[in-house]
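In what follows, a structure is listed as C-alpha cells, so that the remarks can point back to it.
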There are 2 protein chains.
Amino acid sequence: MTPPATSAVPAMPVGLAVDVAAFAMHDGALRVLLVQRGELPHARDWALPGGLVLSGEELHEAALRVLRTETTVELEPRHLEQFHTFGEVGRDPRGRIVSVAHLAVLPHGTVEVSGGGHTLGAEWFSAHQPPALAFDHQSILDRALARLQLRLEYANLALEFLPETFTLPELQGVHEAILNRKLDKRNFRKRLLAQGVLTPSGERRTGVGRPAQLYRKAKSARSAAL
Amino acid sequence: MTPPATSAVPAMPVGLAVDVAAFAMHDGALRVLLVQRGELPHARDWALPGGLVLSGEELHEAALRVLRTETTVELEPRHLEQFHTFGEVGRDPRGRIVSVAHLAVLPHGTVEVSGGGHTLGAEWFSAHQPPALAFDHQSILDRALARLQLRLEYANLALEFLPETFTLPELQGVHEAILNRKLDKRNFRKRLLAQGVLTPSGERRTGVGRPAQLYRKAKSARSAAL
DNA sequence: GCAAAAGTGTTCTTTTTACACCCATGC
DNA sequence: GCATGGGTGTAAAAAGAACACTTTTGC
C-alpha cells in the first residue's frame with residue numbers, strides 16, 4: 001500500500017474526520033445527540049458531533065473526544081463502533097474531507113447535555129424524526145440506524161441502553177424503539193430468555209401494576225461481531 | 001463536524017489510503033489478488049493492492065485506480081464496496097495512514113495478472129491460505145472474507161464470480177469455495193431456485209457426464225444491502 | 001455397459017408467528 | 001374491587017437439515 005512517491009501525489013491532503021451518531025433512550029423513545037453548529041457552513045443547523053482526527057489519535061479516541069468536547073456528555077459510551085466511511089468528493093463545501101462515521105450507545109441516565117467547544121448547543125432529538133441536518137448527516141444517521149437495528153440481533157446491543165438491572169418490558173421497549181415497530185410480548189420474552197444472556201436478579205421492580213422481575217446481563221454476554 | 005480551528009489542529013495531516021481485497025474464482029478455488037512490494041518497508045513481501053487517495057478522487061475511484069495501476073487487471077470489478085476502515089496508529093511505520101478497505105469481485109476469466117507501477121509482480125493466491133502479508137493486511141483479508149461470506153446470503157454476490165450463464169453445480173462451487181465447506185446439493189438447489197433470482201437459459205452445457213442446465217441472473221436481482 | 005456428473009423428494013427438526021387470558025400490586 | 005401493567009402456553013406455518021437413488025451423456 002501507499003506507494004511512496006507517485007507521479008500524482010495529492011496536491012492538497014485529504015482531511016480525515018470522524019462523525020458520531022450517539023444514541024440513548026429517553027421516555028421510551030430512541031434519541032440521537034445532535035449539536036447546533038456555531039460556524040459556517042451550515043451555521044445554526046443541527047449536525048452530528050464530529051471533527052478532524054489528530055495525527056497521533058486512534059479513530060475511536062477521536063470519536064470519544066468530539067463527543068466530550070462538543071457536548072457535555074460526561075459518561076463513557078457503552079458501545080462504540082465505526083460503521084461506514086463517508087468520502088464523497090462534494091460532501092463538505094470546505095474541501096475534501098472524508099469522515100469515518102461511528103455509532104455510539106450512551107448509558108441510561110444520560111439526559112443532560114449542552115453545547116461545548118464551538119457548538120451553540122447540544123440536544124437529544126427523536127432518532128426517527130430528526131430535524132434537518134447539515135452536510136450529508138441525514139445519510140449518516142440513516143445508516144447508523146440500520147446498523148443499530150442489525151446489532152440488536154447479532155450482538156445484544158439493546159442491553160447497553162439500560163441500567164445494570166432492568167425488567168423485560170423495559171428491554172422490549174428498547175427493541176421496539178430501535179426497530180420502530182411493536183413486538184409480541186410472549187414471543188419476545190421466549191426468544192430473549194432462550195438466548196440465555198439474562199439472569200434474574202431476584203429483585204422485583206414495583207410501580208403501577210404488577211411488580212416486574214429484574215434481570216441483569218449474564219456474564220457470558222458477547223459483543224458485536226463483523 | 002470539522003471545527004475549523006481547534007486549539008489542537010493536527011501538526012501532520014493524517015494520510016488517507018485505500019486497500020483492495022480483490023477476489024476471483026480459479027480452478028474451483030477462491031483466490032485473492034496480491035502484489036509484491038518493490039519498496040521498503042516490507043520490500044518483496046506480498047500485500048493487498050493499495051495507495052493514497054488523491055484529493056479530487058472518490059474512494060471507489062481510488063480503489064479502481066490502484067487495482068489497475070498495481071496489477072494488469074484490465075476488467076472492471078463486478079462488485080466493489082468498502083467494508084471497514086483500518087486506522088490504528090501504528091499500522092504503517094511510515095506515519096499515520098488510515099486505509100479504507102474495499103472488497104472487489106473480479107469477473108470470471110480474470111486470470112492473467114502481472115505487476116504494474118511500483119510492484120514487482122502481482123499474482124493470485126488461495127484466499128484461505130495466503131502467504132505472509134505486509135502491514136496489517138492479514139487482518140484486512142480476514143475481514144474481507146467475513147464480509148464476502150455475509151454477502152452470499154444477503155446479496156447474491158456469488159453470481160458475480162461467474163460468466164453470464166452458468167450451471168447450478170458451478171454456482172454451488174462458488175458458494176463452497178467462499179464458505180470453505182461443502183454444501184448439500186439438493187438443499188442448495190432448492191434454496192437458490194426458491195429465491196427466484198435464476199432463470200434457465202434453455203441451453204445446456206455438455207462435458208463429462210450428464211449435461212447441465214444453464215442459468216442466468218434474473219432481471220430482478222438485487223444488490224448488496226447495509 | 002460403464003464412468004461421470006446432473007438431477008430429483010421426503011422426513012424430521014427447529015424456528016417463527018399468531019393469539020387471549022390470568023396474576024400481583026397500589027389505590 | 002378495580003385499574004394497571006406483568007406474566008404465561010399452545011398450535012400452525014415456515015425454514016432448514018439430513019439423506020440415496022435415478023438420469024443423461026461420452027466413451
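The chains referred to below are lettered A, B, ... by the order of the sequence lines, with proteins before strands, and numbering in each begins at 1.
- Side-chain atoms of Arg143(A) do not come within 3.5 Å of backbone N or O of His84(A) as any donor-acceptor pair.
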| said: side-chain contact (heavy atoms from CB on, under 4.5 Å), that's the test. Do Ile178(B) and Leu145(B) meet it? Break it down for me. | reply: CA-CA 8 Å; Ile178(B) 291 174; Leu145(B) 280 168; 5.9 Å; no
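- Residues forming a ring-ring contact (aromatic ring centres under 6.0 Å, His included) with Phe83(B) (at least two apart in sequence, or on another chain): none.
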| field | Steps toward side-chain contact (heavy atoms from CB on, under 4.5 Å) verdict (Asn180(B), Leu30(B)) | value | CA-CA 9 Å; Asn180(B) 210 15; Leu30(B) 182 68; over 6 Å; no
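- Here Leu171(B) contributes atom CG and His175(B) contributes atom NE2; the two are 4.5 Å apart, rounded to the nearest 0.5 Å.
- Residues satisfying the side-chain contact (heavy atoms from CB on, under 4.5 Å) criterion with Ala21(A), sequence neighbours excluded, are Phe23(A), Leu48(A), Ala144(A).
- If you take CZ of Arg181(B) and C1' of dA17(D), they are 11 Å apart, rounded to a whole angstrom.
- Protein atom OH of Tyr215(B) is 12 Å distant from nucleotide atom P of dA6(C), rounded to whole Å.
- Distance Gln195(A) CD to dT16(C) C1': 14 Å, rounded to the nearest Å.
- Heavy-atom distances under 4.0 Å link DNA chain D to Asp184(B), Arg186(B), Asn187(B), Lys190(B) of residues 183-191 of chain B, given in residue order.
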Could you pull out every donor-acceptor pair under 3.5 Å between side chains of residues 207-215 of chain B and any protein atom, sequence neighbours left out?
unit_1	atom_1	unit_2	atom_2	d
Gln213(B)	OE1	Gly202(B)	N	3.4

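- A straight line from CG of Leu214(B) to C1' of dA6(C) spans 12 Å, rounded to a whole angstrom.
- At a threshold of 4.0 Å, the pair Arg181(B)-Glu176(B) does not count as salt-bridged, since none of the basic side-chain nitrogens sits closer than that to a carboxylate oxygen.
- Between Leu120(A) and Arg44(A), the closest side-chain pair of non-hydrogen atoms falls below 4.5 Å.
- The stretch residues 162-176 of chain B has no heavy atom under 4.0 Å from DNA chain D, so no residue of it qualifies as close.
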Listing time: all N or O pairs from protein to nucleotides 23-25 of chain D that are below 3.5 Å?
unit_1	atom_1	unit_2	atom_2	d
dT23(D)	O2	Arg210(B)	NH1	3.0
dT24(D)	O2	Arg210(B)	N	3.4
dT25(D)	OP1	Arg204(B)	NH2	2.6

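- In this structure, Leu198(A) and Leu159(A) have side chains that are in contact, with non-hydrogen atoms separated by less than 4.5 Å.
- Here the P atom of nucleotide dG6(D) and the CG atom of Leu193(A) are 15 Å apart, to the nearest Å.
- A salt bridge does not link Glu61(B) to Arg68(B): none of the charged nitrogens lies less than 4.0 Å from a carboxylate oxygen.
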